[in-house]
**Student:** 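Attaching a single structure in structure tokens format; questions to follow.
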Amino acid sequence: MSTWHQQQNPTNLQLLWKPEPGLYKCVSDKPNQTASCMVFDNEAQARAYCQNTGDVLVMPPKEVK
């Protein structure tokens with residue numbers, strides 16, 4: 001869970017979970033800890049990081065052709 005202060009600004013929390021083109025986000029939102037994310041440009045590195053930390057992987061949006 002995000003901290004009380006983070007919860008007072010839901011827009012910023014939503015940005016943690018927002019997919020970004022070309023970036024793989026590892027989001028951490030665990031109870032009694034600050035919500036945060038690590039960003040990778042490589043899916044394999046992001047998956048390995050999430051596997052080690054228990055974070056949630058947010059994939060980049062699919063390209064529309």
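All of these numbers come straight from a predicted model, not from anything done at the bench.
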**Student:** May I have the step-by-step check of side chain to side chain contact (heavy atoms under 4.5 Å, CB included) for Tyr24 and Leu57, ending in yes or no?
**Tutor:** CA-CA 7 Å; Tyr24 299 86; Leu57 179 61; 4.1 Å; yes
**Student:** If I take atom NZ from residue Lys25 and atom CH2 from residue Trp17, how far apart are they, to the nearest 0.5 angstrom?
**Tutor:** 10.0 Å
**Student:** Rounded to the nearest 0.5 Å, what separation is found between the CG atom of Asp55 and the OH atom of Tyr49?
**Tutor:** 5.5 Å
**Student:** Do you know which two heavy atoms are closest between Ala46 and Cys26, and how far apart they sit?
**Tutor:** O-SG, 3.3 Å
**Student:** Are there more than 12 heavy atoms of other residues, nucleotides or ligands under 6.0 Å from atom CD of Gln51?
**Tutor:** no
**Student:** Nearest 0.5 Å, what's the CG-CZ distance between Asn42 and Arg47?
**Tutor:** 11.0 Å
**Student:** Can you get from Val56 to Leu16 by hopping between Ile, Leu, Val, Met, Phe, Trp and Tyr side chains that sit under 4.5 Å apart?
**Tutor:** yes
**Student:** Nearest 0.5 Å, please: how far is CG in Leu15 from SG in Cys37?
**Tutor:** 9.5 Å
**Student:** Starting from the C-alpha separation in whole Å, work towards a yes-or-no answer on side chain to side chain contact (heavy atoms under 4.5 Å, CB included) for Ser2 and Asp29.
**Tutor:** CA-CA 6 Å; Ser2 51; Asp29 197 5; 3.9 Å; yes
**Student:** If I take atom CD from residue Gln6 and atom CG from residue Asn12, how far apart are they, to the nearest 0.5 angstrom?
**Tutor:** 8.5 Å
**Student:** What's the separation between atom CG in Leu23 and atom NZ in Lys18, rounded to the nearest 0.5 Å?
**Tutor:** 11.0 Å
**Student:** Hey, are the side chains of Ser36 and Ser28 touching, using non-hydrogen atoms and a 4.5 Å cut-off?
**Tutor:** yes
